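Positions are given from 1 along the sequence. The model shown is predicted, which means the values in this text are computed figures rather than measured ones.
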Amino acid sequence: MATTTPSRGRRRAPSRMTRAAGKAAALQKPRVILALLLLLALTSVMLLDGYLRAEVGGDERVRSNASSSKVPDKVLDGGPILSFRGGEAQSQSVPEKTIALTFDDGPNPTWTPQILKILEANDVPGTFFVVGSMVSRYPSIVKDLVNQGNEIGIHTFTHVDLSYQSDDRIAREMDQTQLALAGAAGITTTLFRAPYSSEADAIDNYSWPVYKKLGEEGYTSVFVDTDSDDWKRPGVSKIIKWATPSKNEGASVLFHDAGGERSQTVKALGTYIKKMKAKGYTFTTISGAIRQGNGQNAQVGQSTQAGQNAQNSQQPGSEQGEQSEQAGGQVPGAQLGQQPGQNGQLGQSDEAGGVNSLQAAHRTATGTTLYEGKALVAAVAVAEWTVPGLAVGLAVVGVAVMGRFGMMLILARRHYRQRNKRRFSWGPTVTQPVSVIVPAYNEKECIANTLESLAKSTHPIEIIVVDDGSTDDTSRIARDAARSFGMTNVRVIRQENAGKPAALNNGVRSASYDIVVMMDGDTVFEPDAVHQLVQPFADPEVGAVAGNAKVGNRNTIIGAWQHIEYVMGFNLDRRMYDLLRCMPTIPGAIGAFRRDAVLEVGGMSEDTLAEDTDITIAMHRGGWRVVYQEHARAWTEAPASLKQLWSQRYRWSYGTMQALWKHRKSLTDKGPSGRFGRVGMPLVVIFQIITPVFAPLIDVFTAYSMIFIDFKAALLAWLAVLGIQLVCAAYAFRLDREKYRYLLMMPLQQLAYRQMMYLVLIHSCITALTGGRLRWQKLKRTGEVGTPAGVS
């Protein structure tokens with residue numbers, strides 16, 4: 001659970017800040033937009049990474065044993081190279097004593113470079129049918145592959161069986177792979193091999209329309225004559241045996257350079273090449289096989305409008321040569337909407353096509369295709385770095401969160417046992433009167449209840465109500481309430497509106513006694529709250545005491561959520577910080593100070609929006625000990641709407657950051673100040689800023705896992721974390737003697753309330769990083785928190 005600093009009071013009237021409010025609102029909007037853009041960017045990066053890994057949109061279905069009754073016999077009985085020149089299916093075989101080495105599923109950063117070295121050492125080209133997602137992840141390998149003279153074909157973007165996919169998905173798989181190739185190596189290609197395909201006689205009624213559609217768009221589909229079955233890892237000798245064609249037949253031979261552990265493939269490949277060369281075989285690419293099969297100067301994909309041999313008639317710079325080069329810069333799916341055969345030519349010269357004869361299926365990517373491809377590769381690079389980094393951050397956050405829970409439980413138990421021993425004592429009982437300061441601004445709904453609760457105090461007190469320029473009847477109601485309750489110990493001081501710190505300082509200066517208790521104008525004390533609160537001052541080292549603030553209006557959903565947060569987050573934290581002697585905040589709703597100590601550190605500061613955190617850290621730096629008194633209970637009215645809650649917590653978070661920055665020199669101080677700087681400040685920064693900022697990663701990854709990976713496992717993990725939090729919360733409720741029924745709201749709190757607190761903190765961080773200034777916004781009060789006895 002994310003924690004923030006505890007209940008605080010109001011600051012200054014907005015009536016004097018109309019113009020400033022307009023400016024603040026104008027500045028807030030860009031920060032909100034920035035926060036939303038960051039969230040959108042994170043979501044997009046995760047979805048992109050998931051898409052690359054086939055977690056998002058993945059489809060593992062593979063069709064088998066389907067009928068081929070609609071597939072032409074000449075295709076089923078034909079060779080492994082299928083094209084659709086002139087709109088009619090044409091099959092072609094690899095010439096005798098010729099091998100077209102093909103590799104599927106790459107590129108892979110481990111195996112593909114090793115295979116390339118073997119091919120280069122043996123002066124043999126290969127045709128690599130690449131997966132677009134892998135291309136975008138490892139673009140440098142693809143560039144090396146092309147530069148070495150090998151040929152590229154498409155193996156879809158996410159390695160799905162296209163026979164199950166819609167036309168839009170098929171187009172997307174092809175186009176995205178073309179963009180990846182453009183971004184990685186500056187090319188596009190006309191070769192295609194479907195995932196899970198084998199020999200041409202395996203084409204069925206479902207895949208045939210796919211091949212036909214892609215063929216009409218200019219793609220040449222490539223199948224297999226001989227399969228090494230290297231993916232089965234049967235051993236080097238069997239891989240070589242199974243990859244060897246029968247007799248002297250030519251063959252399109254299948255190996256894999258990715259998709260699993262390929263050490264056997266690497267070991268077998270060099271031996272296989274030498275063996276086949278010894279038998280008189282030559283090696284070529286798929287385009288080379290097409291060219292050889294059609295004669296020395298034949299062309300594949302020749303324009304039906306040009307009835308002559310393109311390699312003989314087309315000269316660099318000629319009209320047809322320029323047209324071919326222009327078409328070569330386009331993705332086949334876009335360029336091949338022309339008449340069949342106008343797709344550029346295979347086997348074009350270096351000058352005309354910008355590629356060598358072994359890469360005749362390649363087209364030079366230009367224009368929009370090139371830039372979109374580079375953008376895709378860049379986006380994938382960002383995702384490749386970001387998502388693993390986020391995963392590491394998630395692990396760190398998870399460890400920190402679990403560590404915090406463990407630390408709170410251990411130290412809270414120790415604190416409770418120590419402070420509730422019968423023989424425990426702060427020293428002689430403190431009985432001298434104290435001054436209770438009540439700063440108030442427009443508190444007509446609450447001030448009477450506050451004074452009524454103080455009238456029942458079991459400790460001698462004087463009450464100083466400081467009206468900070470209220471525009472309602474706060475002062476009159478306070479005086480009337482004092483008279484009606486027979487209170488002669490109440491003073492009402494009016495001042496021009498100057499903010500809560502100024503009102504508190506005015507009260508401290510006017511106080512008659514050495515100990516001052518500070519509370520909010522919407523808070524009610526239990527009868528013995530003041531007496532319990534001041535007892536630690538029997539120890540001369542104690543300079544300030546934090547009380548136990550409780551949510552009074554807890555019977556609504558929002559109130560119940562805050563009630564859980566106060567009991568679990570705030571009070572367990574305070575027990576831990578008390579034992580570590582680095583309490584960061586005394587709640588504005590209930591806290592006590594030595595008057596001289598407050599004056600010594602300069603009083604309540606207006607430098608930050610969190611004057612209670614500011615004064616608490618100042619007390620530490622002044623050498624005073626700050627402790628938590630769990631038995632001093634006060635009931636405060638928590639925000640009743642999400643809008644008011646956002647405003648309050650936004651101010652708390654931002655104010656805490658201001659206070660920590662203001663007192664950053666405590667990191668290098670000595671003594672008590674240095675103790676807070678080196679113990680308390682890191683804990684606050686880690687547990688109240690860094691961890692909550694990154695904690696949404698847990699929820700984001702959980703939601704992602706539930707949707708795209710393993711719903712059951714992710715749900716069980718989330719429930720396990722919730723269970724740990726419930727255990728901590730139940731223990732906190734036990735220590736505070738609270739009713740457990742409110743814990744029924746905790747699962748919903750984790751789904752809704754906690755997310756809001758994260759957004760508040762992220763928004764506060766953006767405000768701090770952009771140098772923004774946040775004004776205080778007064779919360780609307782209802783006065784529904786009455787006397788403590790009425791609270792259930």
Side-chain angles (χ1 to χ4, degrees), residues 61-102 104 127 129 153-156 160-167 170 173-174 190-229 242-254 284-295 298-302 304 332 336 339-343 346 361:
R61 294 176 296 176
V62 179
R63 197 183 300 277
S64 62
N65 301 321
S67 171
S68 59
S69 60
K70 298 180 182 179
V71 185
D73 290 339
K74 66 177 182 178
V75 172
L76 295 174
D77 298 332
I81 303 171
L82 175 64
S83 60
F84 285 79
R85 293 191 300 274
E88 184 177 348
Q90 299 183 28
S91 293
Q92 184 173 341
S93 298
V94 177
E96 287 188 359
K97 286 277 189 174
T98 303
I99 289 177
L101 282 177
T102 66
D104 281 7
T127 302
F129 289 92
I154 290 177
H155 203 45
T156 72
V160 293
D161 187 339
L162 294 183
S163 68
Y164 282 104
Q165 310 307 318
S166 66
D167 289 346
I170 294 171
E173 291 283 331
M174 303 300 290
T190 59
L191 296 182
F192 165 72
R193 174 177 284 165
Y196 312 108
S197 64
S198 56
E199 299 177 6
D201 60 6
I203 301 174
D204 58 39
N205 294 342
Y206 297 97
S207 59
W208 172 242
V210 176
Y211 294 120
K212 188 174 181 181
K213 174 180 173 58
L214 293 178
E216 291 171 351
E217 293 178 354
Y219 286 101
T220 297
S221 295
V222 181
F223 298 89
V224 176
D225 287 311
T226 304
D227 190 346
S228 69
D229 276 341
W242 293 342
T244 302
S246 301
K247 301 178 181 179
N248 292 325
E249 295 178 354
S252 167
V253 181
L254 174 61
T284 187
T285 62
I286 292 298
S287 294
I290 294 173
R291 186 170 58 256
Q292 292 176 33
N294 283 301
Q299 54 179 339
V300 179
Q302 176 181 336
T304 57
L336 299 171
Q339 293 296 321
Q342 292 182 330
N343 303 327
L346 301 177

Considering all heavy atoms, the nearest [X]-[Y] contact:
{"X": "Ala361", "Y": "Ser287", "answer": "N-OG, 3.3 Å"}
{"X": "Ser252", "Y": "Val94", "answer": "N-CG2, 3.8 Å"}
{"X": "Ser228", "Y": "Trp242", "answer": "O-CE3, 3.3 Å"}
{"X": "Pro95", "Y": "Gln292", "answer": "CG-CB, 3.8 Å"}
{"X": "Trp208", "Y": "Pro72", "answer": "CZ2-CD, 3.5 Å"}
{"X": "Ser91", "Y": "Gly79", "answer": "CB-N, 3.6 Å"}

**OP:** Would you check, one step at a time, whether the test side chain to side chain contact (heavy atoms under 4.5 Å, CB included) holds for Asp225 with Val253?
**Re:** CA-CA 6 Å; Asp225 287 311; Val253 181; over 6 Å; no
Subject >> Listed partners of Asn248 passing side-chain hydrogen bond (donor to acceptor under 3.5 Å, both in side chains), at least two apart >> reply: Lys97
**OP:** Apply side-chain hydrogen bond (donor to acceptor under 3.5 Å, both in side chains) to Asp227 and list each qualifying residue two or more places apart in sequence or on a separate chain.
**Re:**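 side-chain hydrogen bond (donor to acceptor under 3.5 Å, both in side chains) check on Asp227 returns nothing, list empty.
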Which distance, rounded to the nearest 0.5 Å, do you find between the [atom1] of [X] and the [atom2] of [Y]?
{"X": "Thr156", "Y": "Gln165", "atom1": "OG1", "atom2": "CD", "result": "9.0 Å"}
{"X": "Lys212", "Y": "Lys70", "atom1": "NZ", "atom2": "NZ", "result": "11.0 Å"}
{"X": "Asp204", "Y": "Tyr211", "atom1": "CG", "atom2": "OH", "result": "8.0 Å"}
{"X": "Ser163", "Y": "Ile203", "atom1": "OG", "atom2": "CD1", "result": "12.0 Å"}
{"X": "Ser197", "Y": "Asp104", "atom1": "OG", "atom2": "CG", "result": "7.0 Å"}
{"X": "Ser93", "Y": "Ile290", "atom1": "OG", "atom2": "CD1", "result": "11.5 Å"}

Subject >> Under the ring-ring contact (aromatic ring centres under 6.0 Å, His included) test, residues paired with Phe192 that sit two or more places apart >> reply: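 So Phe192 forms no ring-ring contact (aromatic ring centres under 6.0 Å, His included) with any residue.
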I'd like to check [X] versus [Y] (side-chain heavy atoms, cut-off strictly below 4.5 Å). Are they in contact?
{"X": "Thr220", "Y": "Ile81", "result": "yes"}
{"X": "Tyr219", "Y": "Ile154", "result": "yes"}
{"X": "Ile170", "Y": "Leu214", "result": "yes"}
{"X": "Pro80", "Y": "Glu199", "result": "no"}
{"X": "Thr127", "Y": "Val222", "result": "no"}

Original post:
In this structure, which one of Leu76, Val75, Asp201 forms a side chain to side chain contact (heavy atoms under 4.5 Å, CB included) with Ser68?
Top reply: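 Of all the options given, the one that passes is Leu76.
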Subject >> Derivation and outcome, side chain to side chain contact (heavy atoms under 4.5 Å, CB included), residues Arg193 and Val224 >> reply: CA-CA 9 Å; Arg193 174 177 284 165; Val224 176; 3.9 Å; yes
Original post:
Does the side chain of Ser207 come under 3.5 Å of the side chain of Arg63 through a donor N or O and an acceptor N or O?
Top reply: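 Checked: Ser207/Arg63 side chains show no N/O donor-acceptor pair below 3.5 Å.
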**OP:** Check the surroundings of atom OH in Tyr196: do more than 12 heavy atoms from other residues, nucleotides or ligands lie under 6.0 Å from it?
**Re:**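 Yes, the 6.0 Å shell around OH holds more than 12 heavy atoms from other groups.
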